[in-house]
Amino acid sequence: MMTDEKKKVNLTIDGIQVEAYEGDMVLDAARRAGIDIPTLCYHPAIGPIGSCRVCVVEIENGRGLPASCVTPVREGMVVRTNTEAVREARRTVVELILASHPQDCLQCERNGRCELQALAMRLGIRETRFHREKEHKECDTSSPALVRDADKCILCGRCVNMCADVQNVAALGFAYRGTDALVTPMFERGLAESKCVSCGQCAKICPVGAIHEKEEWQKVADLISDPNLHVVVQVAPAVRAAIGEEFGIPAGTPVTGKLATALKMLGFDAVFDTQFTADLTIMEEGTELIERLKTKGPLPLITSCSPGWIKYAETFHPEFIPNLSSCKSPQQMMGAIIKTYYAKKAGIDPDKIVSVSVMPCTAKKSECARPEMNASGRRDVDIVLTTRELACMIRQAGIRFQDLSDGEFDAPLGISTGAGTIFGTTGGVMEAALRTVYEIVTKKPLG
Ligand code: FES
């Protein structure tokens, strides 16, 4: 962001006079001037890496073709972003990446959302002049949450930076050099044996299909078709504000009613709302906080709703484990209730119930697989789908989500208060718990 304290720098990009600030990169200055230099390894969430060289430009009186994402602006600099040499260099870089890529786009999980695919299209690449035999690596499917396909990795380094610098986990790193280079957990182990906390940020930032969530939506569709099974679904608070975006509805628009309708159309036998157990969590965590305040600790109380954070604390900061709330997350509370209370009320053998949840986070897939998550005597939540997976299921079924009328979740596990709703926003869990604490302690409703 430009600030007044920084020194102004004047440069020319493609004949346009551009004003930038000391410390800006040529890429930033060009984009602000309306010139969209193509990039691949660059991502604003992690800053420049400078590894792919797709963003090269020509600089008058400069040497070679520098990468604009890591080249600072200079007073009087003259930059050209679309010369023949630049175009040829970019094409060559992308063709070389494609030469060691499986190019199985039609079967790829990222088909249609792949940045490499989009870049090849933008650069008009119709054939590749190069071919390279690359040693095949088996997909790493060891994690309950994520799949790593090293064959598709383009070594951009985004996941490595995200994991180490943003998430502070460093489960992934580079191994070997040159054509043998590889992004992998330590000693080429599977993700399940690494420090990975299943947060899924690597999958979110991967430009291709080299890391993605473990897809299970087709399995869910098949289970729904089995008449001997009773397939129940619960949906997290955040999903109703996110899924509309997949169907062209502005991001953040609540589509709760359409979501309930879609889930019923998909054939789930019961459609419940995780907000019901978010309310239970608030009561439990609120009461636990009051108890800890009375007995002086351990404080501060940290909510245990995020399985990624729990794994992070277990792995890197076990000294904080006593601070974690002893409550289960709303997903796991609902899973236990479905296979005990609901099974009994509905007269259904809990072993015939398939408990599915739709969550905004890949770490929920790991949470439900934890061995202690079996309060019902069996696994409480069988399958977790991400918001994106549910969108795939809805599209595959031919449901025009954006045109649906509003339906409702099933009672009683679909009823909730507004406190459960704010679980979907950052800090919402503790805000809701503290509101409850206020009401319990003061015996007055919060205005
Ligand atoms: Fe600049 Fe990759 S985008 S080097």
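The residues of the chain are indexed from 1 along the displayed sequence. Both ligands and their constituent atoms are indexed starting at 1 by order of listing.
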Compile the donor-acceptor pairs under 3.5 Å between side chains in residues 189-197 and protein atoms, sequence neighbours left out, one pair per line.
from	atom 1	to	atom 2	distance (Å)
Ser194	OG	Leu191	O	2.7
Ser194	OG	Cys196	N	3.1
Lys195	NZ	Val169	O	3.4

Donor-acceptor contact below 3.5 Å, side chain Thr261 vs main chain Ser405: yes
Whether Phe247 and Phe401 hold their rings parallel, tilted or perpendicular, with breakpoints at 30° and 60°: parallel
Ignoring hydrogens and angles, write down the donor-acceptor pairs under 3.5 Å from the side chains of residues 300-308, residues two or more places apart or on other chains.
from	atom 1	to	atom 2	distance (Å)
Thr303	OG1	Glu285	OE1	3.1
Thr303	OG1	Glu285	OE2	2.9
Thr303	OG1	Cys305	N	3.4
Ser304	OG	Ser325	O	3.4
Ser304	OG	Cys327	O	2.5
Ser306	OG	Trp309	N	3.1

Salt-bridge present (Arg388, Glu215; N to O < 4.0 Å): yes
Of all pairs that satisfy salt bridge (charged side-chain N to carboxylate O under 4.0 Å, His left out), the ones with a partner from residues 64-87, not counting sequence neighbours: Glu60-Arg80
If only protein N, O or S atoms under 2.8 Å count, total around atom 2 (Fe) of ligand 1: 2
